[in-house]
There are 2 protein chains.
Amino acid sequence: MSEETKFFEYLRRTGLKITRERKEILREVFTSHRHFDADELFLRLKGRGAGVSRATVYRTLALLVRSHLVRKMELGDGRATYEHVLGHPHHDHLICIQCNRILEFHHPEIEELQQKVCEEFDFKMKSHSQQIYGVCKECRKKQSS
Amino acid sequence: MSEETKFFEYLRRTGLKITRERKEILREVFTSHRHFDADELFLRLKGRGAGVSRATVYRTLALLVRSHLVRKMELGDGRATYEHVLGHPHHDHLICIQCNRILEFHHPEIEELQQKVCEEFDFKMKSHSQQIYGVCKECRKKQSS
DNA sequence: ATCCCTGCAAATCGTTTGCAAGAGC
DNA sequence: GCTCTTGCAAACGATTTGCAGGGAT
């Protein structure tokens, strides 16, 4: 089932409406595979004349998050970063503090250990996030030259 | 060497000044062992008539972070959370989404694996943070009753 | 028709900053 | 005395919201 269909189904189920603006945003979110923030998305839409306001971008992103088609992350620089879930199983992030590039990694063993930590604390995990900040390969290459 | 001395030394070294306001903030930060945000700290100071403005709280927290006596964390709710470093070696957090309690954990094996991930990506780690969101023991007890 | 949605601009919230007066060294 | 500091209030940037007109079902 396509992401579009999933979203429409979510809307229907929740008594919400399928509008031109929501379609535009949906298309923009799923045609790129990068991480983005709300304003970037707004500007991309504006750039191609999609006619969607900033307010609607925020409101629709909230819906996409609620319907689990998009993940929202607070990476600690004040604004939220989003990524769509399509073809992106759970993962964590390496964040370059020089070029802001975001790399993804997944390490099942770490996940297992997190689970163990929760058991020790009798803590029911709902989600987790893990960020490693540092300097990526490319930036280090540039620096050393 | 006391935290106060360390901070004063940092100030001296950097050509900054030791003021009444900075002493007040320092005292307040180190007499409690909880996590706090800037506004909580401001209110505690106000509560005991310390006569320090919100602006100065923010400015001094920045200095304390720069001097490595205090750690700043973005836990994803919009505002920053702080904790002093005294007697708190590096650790990560379990965050209860019901009562907002913050538990600390440290797992050397996880750290090792993170280091391994960085090597794979040829990524130079500078810092990392890891949060596990969920429901703590106490809140679960309350719910089930 | 009935809600739901939208754009706009104003409001919010945490945080930062310009400025003029005041304190440390 | 030269700087660094402070408080205040205004400025900020990301995000949210009230409202009144327009659209989906």
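Order of the sequence lines sets the chain letters (A, B, ...), proteins ahead of strands, with each chain counted from 1. All values reported here derive from a predicted model rather than from experimental measurement. Just so you know, these numbers use all the heavy atoms, side chains as well, and skip hydrogens, waters and symmetry mates.
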Are the side chain of B:R140 and the backbone N or O of B:V135 linked by a donor-acceptor pair below 3.5 Å?
no
Under 4.0 angstrom between B:Y58 side-chain N/O and C:dT16 OP1 or OP2
no
Spell out, as yes or no, whether a donor-acceptor pair under 3.5 Å connects the side chain of A:H106 to the backbone of A:H90.
yes
Which residue lies toward the 5' end of DNA chain D, A:Y82 or B:S53, if each is placed at its nearest nucleotide?
B:S53
I need the CG-P distance between B:L75 and C:dG14, as an integer number of Å.
15 Å
May I have the distance from B:F42 (atom CZ) to D:dT6 (atom C1'), rounded to whole angstrom?
13 Å
Heavy-atom nearest nucleotide on DNA chain C for B:E74 versus B:I18: which residue maps closer to 5'?
B:E74
Minimum-distance nucleotide (side-chain atoms of A:R59 versus D:dT6, C:dT6, C:dT15):
C:dT6
Could you tell me how far apart B:L11 (CG) and D:dT5 (C1') are, to the nearest whole angstrom?
12 Å
Length of the CD-P vector between B:E24 and D:dG7, whole Å
11 Å
B:T19 side-chain N/O to D:dT6 phosphate OP1/OP2 under 4.0 Å
yes
NZ of B:K46 versus P of D:dG7: gap in Å, rounded?
12 Å
Residue A:R79, side-chain atoms from C-beta onward, closest of C:dT17, D:dT25, D:dT15
D:dT15
Do you see a donor-acceptor pair shorter than 3.5 Å between the side chains of A:E83 and A:H91?
yes
Round to a whole Å and report the spacing from CG of A:D77 to P of D:dA14.
9 Å
Respond yes when some side-chain nitrogen or oxygen of A:R22 is under 4.0 Å from OP1 or OP2 of C:dT6, and no when none is.
yes
Output yes when at least one side-chain N/O atom of B:R54 is less than 4.0 Å from OP1 or OP2 of C:dG14, else no.
no
Rounded to the Å, how far apart are B:L61 CG and D:dT6 P?
12 Å
Looking at C:dT17, C:dT15, C:dC8, which one has an atom nearest to any side-chain atom of B:A55?
C:dT17
Do A:V52 and A:F30 belong to the same hydrophobic cluster, where Ile, Leu, Val, Met, Phe, Trp and Tyr are linked whenever their side-chain heavy atoms lie under 4.5 Å apart, directly or via other members?
yes
For the pair A:R79 (side chain) and A:D39 (backbone), establish whether a donor and an acceptor sit closer than 3.5 Å, ignoring hydrogens and angles.
no
Taking for each residue the nucleotide of DNA chain D bearing the nearest heavy atom, is the 5' side occupied by B:V52 or by A:R12?
B:V52
Counting heavy atoms from C-beta on, name the nucleotide in D:dT25, C:dT6, D:dT3 closest to the side chain of B:K17.
D:dT3
How long is the line joining CD of B:E21 and P of C:dA23, in whole Å?
9 Å
Starting from the 5' end of DNA chain C, give me the residue, B:A80 or B:R20, whose nearest nucleotide shows up first.
B:A80
